[in-house]
Participant: 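Pasting a structure here, questions to come.
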Amino acid sequence: MSKYILVSCVFVVVLSFGMVSGFHMGAATGFYQPKIAEPYAKRFAEFIKPFMNVDMCSENDECGFREVDNRNQLSCQPFIEDTTRAMVLLAFGQSNSGNHGDYLHKPVDGIYNLNPFDGLCYQAQDLLLGATGEQGSVWMPLAEQLIASGRTDKVLIVPFGVGGSSIERWTLTGDLSGRIKRSIDVLTKQNIKATHIVWHQGETDADKGTTSEEYIDMFGEVVEQLGPLGENIPIYTAVATRCWGNPNKIISTAQQQLPQVYSNVFSGANSDSLGNDLRYDNCHFNQQGLAEHAALWFDALYAHEQ
């Protein structure tokens, strides 16, 4: 049995026992009243919410939003013919790279979404096709800002992040490595060249005790898998360790060192700088948080070109 399934089973058993015990204890003592139960219910909701917002994608790489019934399919041709004014953005990592933000962005002209599951292009809107989660993303407001600034005319987003994923799962032998290969394959099949790669991951490793050295070494395996995209595609790595707790210096130090260790790797958004007032659950971003997170990515994407 996988460790992810085992942990889930233990969690459900313990949670069920606690709920049943709590109910009967309250009923037996006569104190199970709405006003008394309310603070405990609130605490329980706060405890369970993180698990509801994260898709662990256990033992496979098939999870992610893929419903295209109400999506406007578009030709991918604009990203094949005239690439001088087009950006192709590969975005992956864990939940804050996916559809876990608390705001749904509507379609905007010039923003496309390449669906890694069917290899077709669609007009982008939240939820983005390819990543986990059931809410909004940072990549829609980033793409809007890029187009509004005049830096590009159109943006193709290729998202495939997985909520709750550790960096180990994205390594060469990790169970999510197939998602990297799939996304590269659909680009190759469409004859589309990636222009930017963004990696936003680290919150899980901050919690599980990964060392700086381990994180840096495992990221090398992620970079190796991106090789087929070409040697000159810039990779931007976020500082991302803050989730239901304080920032983790061990992982953030590793993330800040990645540009010095690997070629063509640059510093991305420092999302640890965004406080809990910008996060609806002390981890994932609210509407204002998504906007400010996008602004950090906007600045990072062009910092090394200046």
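Please read these numbers as outputs of a predicted model, since none were measured by experiment.
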Participant: Do NZ/NE/NH1/NH2 and the carboxylate oxygens of D272 and R242 come within less than 4.0 Å?
Facilitator: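 So D272 does not pair with R242 through a salt bridge.
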Participant: Assess R179 against F92: is NZ or CZ under 6.0 Å from the centre of the six-membered ring, and within 45 degrees of the ring's axis?
Facilitator: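 Ring-cation test returns no.
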Participant: Set out, in order, the CA-CA distance, both residues' side-chain angles and the distance that settles side chain to side chain contact (heavy atoms under 4.5 Å, CB included) for V239 and Q256, then state yes or no.
Facilitator: CA-CA 7 Å; V239 172; Q256 292 174 69; 3.7 Å; yes
Participant: Does the ring center of Y112 lie less than 6.0 Å from the ring center of Y122?
Facilitator: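 Between Y122 and Y112, which both carry aromatic rings, the centre distance is not below 6.0 Å.
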Participant: What verdict does the ring-ring contact (aromatic ring centres under 6.0 Å, His included) test give for H284 and W244, after you've listed the backbone C-alpha separation in whole Å, the side-chain angles of each residue and the deciding distance to 0.1 Å?
Facilitator: CA-CA 9 Å; H284 305 104; W244 306 304; 5.8 Å; yes
Participant: If you define the side chain from C-beta out and look only at heavy atoms, does anything of L229 sit under 4.5 Å from L90?
Facilitator: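 A side-chain contact exists here, since the closest heavy-atom pair is under 4.5 Å.
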Participant: Can you tell me how far OG of S166 sits from CD of E214, rounded to the nearest 0.5 angstrom?
Facilitator: 11.0 Å
Participant: For the residue pair L172 and E224, establish whether any side-chain heavy-atom pair is separated by less than 4.5 Å.
Facilitator: yes
Participant: Just by distance, with hydrogens left out, do Q225 and E221 show a side-chain donor and acceptor under 3.5 Å apart?
Facilitator: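 No - no donor-acceptor pair under 3.5 Å links their side chains.
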Participant: Nearest 0.5 Å, please: how far is CD in Q201 from CD in Q94?
Facilitator: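 One gets 4.5 Å once the value is rounded to the nearest 0.5 Å.
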Participant: Taking side chain as C-beta onward, heavy atoms only, is Q257 less than 4.5 Å from T237?
Facilitator: no
Participant: Is there a chain of hydrophobic side chains (I, L, V, M, F, W, Y, each step under 4.5 Å between heavy atoms) that links F160 to L120?
Facilitator: no
Participant: Check whether F117 forms a cation-pi arrangement with R66 (NZ or CZ under 6.0 Å from the six-membered ring centre, at most 45° off the ring normal).
Facilitator: yes
Participant: Among residues at least two apart in sequence or on other chains, which ones pass ring-ring contact (aromatic ring centres under 6.0 Å, His included) with F298?
Facilitator: none
Participant: Report the C-alpha separation of N96 and E203 in whole Å, then their side-chain angles, then the decisive distance to 0.1 Å, and conclude whether the side-chain hydrogen bond (donor to acceptor under 3.5 Å, both in side chains) test is met.
Facilitator: CA-CA 9 Å; N96 280 321; E203 297 96 332; 3.2 Å; yes
Participant: For the hydrophobic clusters of this structure (ILVMFWY residues joined by side-chain heavy atoms under 4.5 Å, transitively), does one cluster hold both M218 and I180?
Facilitator: yes
Participant: First locate atom CG of L187, then atom CG of L114, and finally report the distance between them rounded to the nearest 0.5 Å.
Facilitator: 5.5 Å
Participant: Kindly indicate whether the side chain of N276, heavy atoms from C-beta on, has any atom under 4.5 Å from the side chain of L278.
Facilitator: no
Participant: Using side-chain heavy atoms (C-beta onward) and a distance below 4.5 Å, is Y215 in contact with I167?
Facilitator: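 A side-chain contact exists here, since the closest heavy-atom pair is under 4.5 Å.
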Participant: When clusters are formed by joining ILVMFWY residues with side-chain heavy atoms under 4.5 Å apart, either directly or through shared neighbours, do I147 and V198 land in the same one?
Facilitator: yes
Participant: Nearest 0.5 Å, what's the SG-CG distance between C121 and L74?
Facilitator: 7.5 Å
Participant: Hey, are the side chains of V138 and F285 touching, using non-hydrogen atoms and a 4.5 Å cut-off?
Facilitator: no
Participant: Check whether S95 reaches the backbone of G163 with its side chain - one donor and one acceptor, N or O, closer than 3.5 Å.
Facilitator: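 No; judged by distance alone, with no hydrogens or angles, the pair does not exist.
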Participant: Side chain to side chain contact (heavy atoms under 4.5 Å, CB included) with H293: which of S137, S273, S271?
Facilitator: S271
Participant: Please examine the side chains of I111 and W139, heavy atoms only from C-beta on, and report whether any two atoms are closer than 4.5 Å.
Facilitator: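 Side-chain contact under 4.5 Å: no.
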Participant: Could you grab the distance from atom CD1 of I235 to atom CG of N264, nearest 0.5 Å is fine?
Facilitator: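 Nearest 0.5 Å value for the CD1-CG distance: 6.5 Å.
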Participant: Let me confirm one number: the OG1-NE2 distance from T152 to H196, rounded to the nearest 0.5 Å.
Facilitator: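 Nearest 0.5 Å value for the OG1-NE2 distance: 8.5 Å.
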Participant: Could you walk me through whether L89 and T195 pass side chain to side chain contact (heavy atoms under 4.5 Å, CB included), step by step?
Facilitator: CA-CA 6 Å; L89 186 75; T195 63; 5.9 Å; no
Participant: Checking Y103 now: which residues fulfil ring-ring contact (aromatic ring centres under 6.0 Å, His included) with it, not counting sequence neighbours?
Facilitator: H105
Participant: Is the shortest side-chain N to carboxylate O distance from K181 to D185 below 4.0 Å?
Facilitator: yes
Participant: Go through the steps to decide whether Q135 and Y280 satisfy the test side-chain hydrogen bond (donor to acceptor under 3.5 Å, both in side chains), and finish with yes or no.
Facilitator: CA-CA 12 Å; Q135 301 180 82; Y280 66 90; 2.9 Å; yes
Participant: When hydrophobic residues are tied together by side-chain contacts of less than 4.5 Å, even through go-betweens, does L128 share a cluster with W297?
Facilitator: yes
Participant: According to a hydrophobic-cluster definition based on side-chain heavy atoms being under 4.5 Å apart (Ile, Leu, Val, Met, Phe, Trp, Tyr only), do V68 and V186 belong together?
Facilitator: no
Participant: Looking only at side chains, do W170 and S165 share a donor and an acceptor under 3.5 Å apart?
Facilitator: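 S165 and W170 do have a side-chain donor-acceptor pair below 3.5 Å.
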Participant: Would T210 and D205 satisfy side-chain hydrogen bond (donor to acceptor under 3.5 Å, both in side chains), going step by step from the backbone distance to the final call?
Facilitator: CA-CA 5 Å; T210 304; D205 288 275; 2.7 Å; yes
Participant: Looking only at atom types and distance, does a side-chain atom of N113 sit under 3.5 Å from a main-chain N or O of Q123, one as donor and one as acceptor?
Facilitator: no
Participant: With side chains defined as the heavy atoms from C-beta onward, is the minimum distance between V155 and L142 less than 4.5 Å?
Facilitator: no
